[in-house]
Amino acid sequence: MHEFSVSSEIVKNVLDATQKNKGGKVLSIQLEIGELTFLNVEQVTFWIIELFKGSVAEGAEVKIKTINARIHCKVCGYKGGIRSGQKNSLRHLALCSCPKCNSFQFKTERGQECVLRRIKAVK
Amino acid sequence: MKIIKSKRSEIFDIELNKDLLARNRRLAKENRKRFDHSNILAIDIMGSIGSGKTSLIKSILKRLGLGKKVAVIAGDLTTTIDAERIEKEGARVIQVNTGKECHLDANLIRQAIERMKLGGVKVLFVENVGNLICPGEFPLGAHKRVVVISVTEGAYTLIKHPYIFREADVIVLNKIDLAKAMKVNSFQLEKDAKKINPNVPFIKTNALSGMGVSKIINVLGLRT
């Protein structure tokens with residue numbers, strides 16, 4: 001839902017880090033996005049590519065890996081992944097319950113990240 | 001930051017490993033510390049557009065009668081309509097316009113409390129941007145999170161957006177006087193709420209008449 005602002009921040013971070021390291025051109029960036037964030041991977045990719053235009057990162061490859069969720073159910077004790085009908089969509093919003101007992105009471109151990117892992121650049 | 005040079009020295013990797021969402025959670029914790037340090041109870045009011053967040057805050061303020069001991073951060077995309085409505089109740093109000101943004105974040109709150117004179121303030125309300133999705137992902141550092149929905153949004157609001165209700169400390173069902181006209185079963189909505197968040201207080205209100213508002217005041221511990 002807030003892909004534009006998150007993408008803008010990613011782009012700002014990429015351009016700042018590239019400039020700081022005297023990179024002339026960005027070849028690719030690698031991101032990891034948690035399954036439980038409200039970020040649609042296709043939209044994030046679209047905005048980054050758009051926002052890169054006219055900068056040293058124009059045309060850079062945007063690689064995004066999904067971080068699978070890991071939850072700990074407070075009701076039945078289940079530990080593991082969450083049922084997710086379609087990957088990279090908002091479908092999980094309606095399905096954010098324990099896959100074993102359907103409780104909504106769980107602790108999220110993993111899956112809420114949006115990590116800018118690395119940038120590949122050329123001098 | 002770590003730089004790894006490849007054999008062909010012109011290509012290099014910049015390792016950042018920066019979690020952009022974790023930054024908000026960190027800032028939220030800092031805001032919380034600041035509230036605790038100043039002895040301020042901070043309450044985040046979230047909910048859909050038109051559910052009655054501003055009316056509810058006005059109604060609470062009217063009943064509390066604490067004047068300038070209450071501060072309100074009114075979040076909105078571009079207008080000051082809500083801030084002006086709340087100001088009439090005598091509280092200190094600061095407007096935060098998010099522009100295109102669909103939620104307030106911890107950094108906007110940090111900036112707002114820096115701009116605001118908080119001396120003597122006992123309670124701070126933050127009226128979030130009308131939205132049932134994004135604010136759930138951006139904690140602000142408030143002690144309590146209230147989600148306001150209304151019967152005019154239909155019968156499926158809770159079950160369609162469970163995430164934000166999982167995070168709620170209080171759920172308010174507003175415009176209860178219109179339930180019959182809207183053919184909405186408020187007991188079913190309450191059942192949905194209990195399924196998502198079993199121990200959450202579920203309070204039915206009519207913010208305009210004031211019905212149910214004192215229950216919210218009690219649950220939030222605002223009676224002094």
Side-chain angles (χ1 to χ4, degrees), chain A residues 1-34 36-39 44 67 71 74-75 90 92-97 102-108 111-123, chain B residues 1-6 8-25 28 77 98-105 107-108 129-139 156-168 171 192-200:
Chain A
M1 292 298 280
H2 30 256
E3 285 78 3
F4 179 75
S5 55
V6 171
S7 303
S8 305
E9 204 173 333
I10 292 166
V11 168
K12 189 181 173 295
N13 275 282
V14 169
L15 298 180
D16 285 353
T18 307
Q19 194 187 23
K20 210 178 277 174
N21 292 286
K22 299 183 174 66
K25 188 160 178 53
V26 177
L27 300 178
S28 67
I29 65 162
Q30 198 177 325
L31 293 165
E32 291 173 19
I33 296 182
L36 289 175
T37 62
F38 300 164
L39 294 171
V44 171
I67 301 174
I71 62 158
K74 290 178 188 168
V75 177
L90 291 174
H92 65 262
L93 281 183
L95 291 172
C96 67
S97 55
N102 288 322
S103 151
F104 288 89
Q105 300 302 297
F106 57 81
K107 198 172 164 277
T108 304
Q112 287 182 309
E113 308 81 356
C114 174
V115 184
L116 175 54
R117 194 57 80 193
R118 67 182 63 83
I119 303 165
K120 198 177 272 299
V122 64
K123 286 278 181 204
Chain B
M1 199 186 302
K2 208 166 72 185
I3 314 293
I4 301 166
K5 280 195 178 164
S6 73
R8 288 189 299 142
S9 63
E10 69 274 18
I11 296 176
F12 60 101
D13 278 349
I14 306 168
E15 297 276 339
L16 285 164
N17 300 322
K18 192 172 180 180
D19 187 340
L20 300 164
L21 293 175
R23 183 171 168 264
N24 185 73
R25 290 191 281 269
L77 269 70
T98 59
K100 283 176 248 170
E101 203 59 89
C102 46
H103 56 271
L104 290 176
D105 62 33
N107 188 39
L108 286 168
V129 176
N131 183 337
L132 279 181
I133 304 168
C134 310
E137 188 154 81
F138 288 85
Y156 308 105
T157 316
L158 279 127
I159 223 69
K160 276 163 83 175
H161 303 285
Y163 187 85
I164 201 162
F165 297 103
R166 271 186 58 210
E167 307 280 309
I171 299 175
D192 292 345
K194 297 287 176 192
K195 190 178 167 208
I196 296 164
N197 194 340
N199 301 316
V200 74

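Computed over heavy atoms, backbone and side chain alike; hydrogens, waters and symmetry mates excluded. Labels below follow one simple rule: chain letters A, B, ... track the order of the sequence lines, proteins then strands, and each chain is numbered from 1.
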Winner by heavy-atom pair count (cut-off under 4.5 Å) against chain B, out of I29(A), T18(A), N13(A) = N13(A)
Measure E32(A) against the heavy atoms of chain B and call it side chain, backbone, both or neither at under 4.5 Å.
-> neither
Do F38(A) and Y163(B) have ring centroids that are under 6.0 Å from one another?
-> yes
Chain A: which of G136(B), A22(B), P198(B) shares the most heavy-atom pairs with it under 4.5 Å?
-> P198(B)
Between N197(B), D105(B), N17(B), which has the largest tally of heavy atom pairs under 4.5 Å with chain A?
-> N17(B)
Go through the structure and list residues passing ring-ring contact (aromatic ring centres under 6.0 Å, His included) with F138(B), not counting sequence neighbours.
-> H2(A), H103(B)
Give a yes or no on whether K25(A) atom NZ has more than 12 heavy-atom contacts from other residues, nucleotides or ligands under 6.0 Å away.
-> yes
Identify whether the distance between the nearest side-chain nitrogen and carboxylate oxygen of D16(A) and K20(A) falls below 4.0 Å.
-> no
